Amino acid sequence: MSRPRLLNRDEASSGPTLDRELLVRIHDVMVKARVLEERLIQMYKQGHGFFWIGGPGEEAFNVPLGLLMKKGQGLDYDYLHAHYRQSATLLALGEEPIGAMRQMKNTASDPYSGGRNFAGHFSKKEWNIAPVSSPIEVQYSIAPGTAMAQKRHGGDGITIVTGGDAGTAEGDFATCLVWSSRPANPLPILIIVTNNKWGISTSADGQHGETNVADRGRAFNIRSKTINGNDPIESYNELKEAMEYVRKERKPFLLEARVSRLYGHSSASGANFVGNEMDCLKEFEAKLEKEGVLTRQQMDELRNRYTEDMAASARLVREEPLPAPETIWNHIFAEKK
Amino acid sequence: MANMAQAVRMALHYAEEHLGVMDIFGEDVGMPLGGVFTATQSLKTAWNSPLDERGIIGTAIGLAMAGQRPVAEIQFADYIYNTIDLLKIAGNTLWSTNGDWNLPMVVKTPVGSGIRGSIYHSHSFDATATHIPGWKIVMPSNPLDAYGLMISACQDLNPVMYLEPKALLRVKGEERIPGEPDDDRQLSKMIDAPLGDRSAWKPQWPALEAYAVPIGKGKVVREGTQVTVVSYGRTLPLCAKAADTLREEGVSVEVIDLRTLWPYDWDLLKSSIEKTGRVLYVNEDTEVTNFGEHLVRRTVEELFYKLLAPPRLLAGKFVPGIGLADTLEMASVPQQADVTQSIRSLAAEEP
Ligand SMILES: Cc1ncc(C[n+]2csc(CCOP(=O)(O)OP(=O)(O)O)c2C)c(N)n1
């Protein structure tokens with residue numbers, strides 16, 4: 001391990017800093033995730049997909065989340081009930097980017113849904129990644145179930161649920177707060193809200209009276225915090241602390257991360273770059289360069305390499321067949337074999 | 001003999017002991033009440049949830065994702081409507097993940113008229129439930145089937161909707177549940193919680209045996225040659241009684257208890273309709289886009305040339321609810337006289 005480096009001294013980023021190896025790793029996955037999303041947008045715009053939605057702008061939060069998760073299948077490992085902006089979390093867990101492209105192109109080889117579901121709608125039972133579903137916030141009603149099973153099972157596996165700020169107006173968010181903090185059975189669940197200040201086109205300012213979404217935890221005696229999700233170091237440290245609390249205390253924690261939405265809501269709003277949002281990758285790279293962790297050239301090379309790799313993957317995916325029409329009848333019911 | 005509420009309770013006890021059920025939950029499902037119809041009374045894994053139907057269905061999905069076998073209750077089917085998108089998710093998760101995540105969960109909920117429940121305690125749910133792919137849907141009409149269907153539901157790898165006809169929950173069966181004692185009073189003493197303070201009371205469960213009614217299998221409850229009547233739930237005993245009455249008038253009626261609405265036993269229906277040439281479907285959900293309409297359509301498409309009369313549907317009136325007054329309830333959903341008369345007129349119809 002290399003010696004811890006101080007980053008952000010002047011900007012007083014919270015918590016201890018991270019060692020060089022980890023910084024490089026976080027940066028690597030952030031770049032990979034950004035390039036993947038830009039590739040997916042391009043695929044969509046070229047007509048190689050019907051709809052794009054994803055998370056460029058949320059990498060600084062989503063990468064640390066994936067790196068910190070206890071990955072595996074079953075109650076001893078963490079469950080993730082994600083929403084549709086979390087390709088970076090999946091990549092941080094070790095997922096190959098080509099899977100997201102296959103889902104974009106809705107090929108039979110799409111590992112998450114076999115060509116049945118939208119981009120960003122990941123699912124992987126092998127790693128406890130619960131299926132992402134389009135109705136927003138329903139994951140907040142579902143997550144207490146896995147947390148309850150984990151609580152009974154013992155061990156230190158936890159349930160993590162994420163969603164957007166606009167969606168917290170849905171009853172499912174209240175459901176999650178209520179069910180996680182029942183005095184009869186408090187649950188080991190990390191409740192995350194990635195707050196980008198927007199619904200599709202509706203600003204939070206006009207709809208949400210609470211100062212911070214995290215304040216809603218207080219009413220339920222749920223420990224909660226609002227953090228800058230655009231800073232990967234702060235995200236890493238805060239997530240680590242929150243996860244340790246949930247793992248050890250077997251109680252809920254509500255974490256609100258302020259993030260950016262760099263390409264608008266989705267292809268429904270054009271999927272064009274938005275100039276006035278903070279770009280977490282750009283900021284992070286400036287810091288890494290300033291601190292001498294990586295050079296501009298190294299970072300450019302990395303991005304070029306991923307860009308080429310993913311262009312090659314996209315070409316491959318383009319040739320892959322769509323699911324056969326008769327497969328609509330597959331997997332309606334699971335039956336004992 | 002046990003009544004249906006006791007039968008459900010005994011099946012759930014069996015499922016706790018032998019089938020890995022560790023959560024039976026919903027509003028007022030745990031003690032001291034044990035469910036508003038006592039179907040979950042004194043079960044060791046029954047617990048009270050917040051008054052939140054979305055939380056109940058969502059948590060059941062999550063538990064099933066975590067490999068558990070939850071049995072969730074919605075207190076009355078009338079209150080399940082605000083969970084409809086979650087029910088849809090439970091039904092489509094296996095399909096949308098291309099076979100990755102199956103959800104072994106049971107949702108039980110009392111349905112239909114018969115307790116003078118007025119507008120919001122009388123809804124049927126069969127038409128809506130059968131409109132949500134990916135669910136298996138069962139509805140018993142007697143205690144033994146209630147027992148056997150619940151055991152099958154708790155063994156299934158998929159979401160199963162278990163509809164309890166509330167009018168029949170207190171009706172005793174004619175067949176014994178394997179393991180239940182001969183004497184009804186003795187059974188009641190063993191498993192029904194006393195009134196008043198129940199804190200120290202413990203049930204004494206009879207040595208119940210495995211008995212499963214397979215999902216997807218209907219049953220001929222009256223054999224006959226002239227008319228086929230297909231029903232389930234509350235209206236089934238009405239159909240059986242009508243068949244008995246009409247037999248005395250010289251009309252031979254075959255009555256089929258569908259028991260599973262999805263996937264339903266078409267082979268059984270088909271062979272009966274081919275034999276009789278006449279069919280009446282009876283249920284009490286509202287008649288517009290009723291599940292029986294689907295059965296009529298399939299009958300017409302596949303068996304048209306075998307029919308001696310148009311297939312018919314006797315169902316609830318398409319009105320916004322069931323009014324409290326006895327006269328209103330009786331007029332809204334099929335009653336004994338309606339059933340008997342419908343069969344009689346169908347039997348008499350000549351091409
Ligand atoms: C239940 C439901 N209502 C409406 C929509 C349409 N919709 C999709 S995303 C979205 C906005 C979500 O905003 P937010 O929760 O802040 O998440 P973000 O997309 O900003 O990450 C809406 C209204 C939906 N998918 N589901």
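The chains referred to below are lettered A, B, ... by the order of the sequence lines, with proteins before strands, and numbering in each begins at 1. The figures that follow rest on heavy atoms only: side chains count, while hydrogens, waters and symmetry mates do not. Not measured: the values here are computed from a predicted model.
- With a 4.5 Å cut-off on non-hydrogen atoms, Leu75(A) touches chain B through its side chain but not through its backbone.
- Across all their heavy atoms, Tyr14(B) and Glu209(B) have their closest contact at CE1-C, 3.8 Å.
- The backbone N or O of Ala143(A) lies less than 3.5 Å from a partner atom in the side chain of Thr146(A), making a donor-acceptor pair.
- For the options Asn48(B), Asp23(B), Asp156(B), heavy-atom pairs under 4.5 Å to chain A are most numerous at Asp23(B).
- Your options are Thr159(A), Asn185(A), Val178(A), Ile129(A), and the one with the most heavy-atom pairs under 4.5 Å with chain B is Ile129(A).
- Proximity of the aromatic rings of Tyr140(A) and His81(A) is defined here by a centroid distance below 6.0 angstrom, and this criterion is not met.
- Taking the six-membered ring for Trp and the full ring otherwise, the centers of His294(B) and Tyr264(B) sit less than 6.0 Å from each other.
- The contact between Ile61(B) and chain A is made by backbone and side chain atoms together, counting heavy-atom distances below 4.5 Å.
- Most heavy-atom pairs under 4.5 Å with chain A, from the set Pro50(B), Ala64(B), Pro104(B), Pro159(B): that is Pro50(B).
- Formation of a donor-acceptor pair under 3.5 Å by the Gln41(B) side chain with backbone atoms of Ala193(B) is found in this model.
- When heavy atoms are compared at a cutoff of 4.5 Å, Thr93(B) approaches chain A solely by way of its side chain, counted from C-beta outward.
- Taking the six-membered ring where tryptophan is involved, the planes of Trp101(B) and Tyr79(A) are tilted, since the angle between them lies from 30° to 60°.
- Side-chain contact, Glu302(B) with Trp266(B): a donor N or O sits under 3.5 Å from an acceptor N or O.
- With a threshold of 4.5 angstrom between heavy atoms, Lys88(B) does not approach chain A through any atom at all.
- Only the side chain of Asp85(B) comes within less than 4.5 Å of a heavy atom in chain A; its backbone stays farther off.
- Looking at Leu86(B), the atoms closer than 4.5 Å to chain A (heavy atoms on both sides) all sit in the side chain, from C-beta outward.
- Contacts of Ile57(B) with chain A are absent, with no heavy-atom separation under 4.5 Å from either backbone or side chain.
- For a residue to count as touching a neighbouring chain, one of its non-hydrogen atoms must lie under 4.5 Å from one of that chain's; by this rule Trp47(B) touches chain A with the side chain only.
- Between His13(B) and Trp205(B), the distance separating the two ring centers is shorter than 6.0 angstrom.
- Using a 4.5 Å cut-off between heavy atoms, Pro135(A) contacts chain B through its side chain alone, with no backbone atom that close.
- For His131(B) and Phe125(B), the ring centers are positioned 6.0 Å apart or more.
- Among Met148(A), Gln73(A), His153(A), Gln150(A), the residue making the largest number of heavy-atom pairs under 4.5 Å with chain B is Met148(A).
- A donor-acceptor contact under 3.5 angstrom links the side chains of Tyr232(B) and Asn283(B), judged on distance only.
- The choice from Asn117(A), Asp110(A), Val138(A) that makes the most heavy-atom pairs within less than 4.5 Å of chain B is Val138(A).
- Interface check for chain A: of the options Ile89(B), Thr59(B), Asn82(B), Asn92(B), the most heavy-atom pairs under 4.5 Å are formed by Thr59(B).
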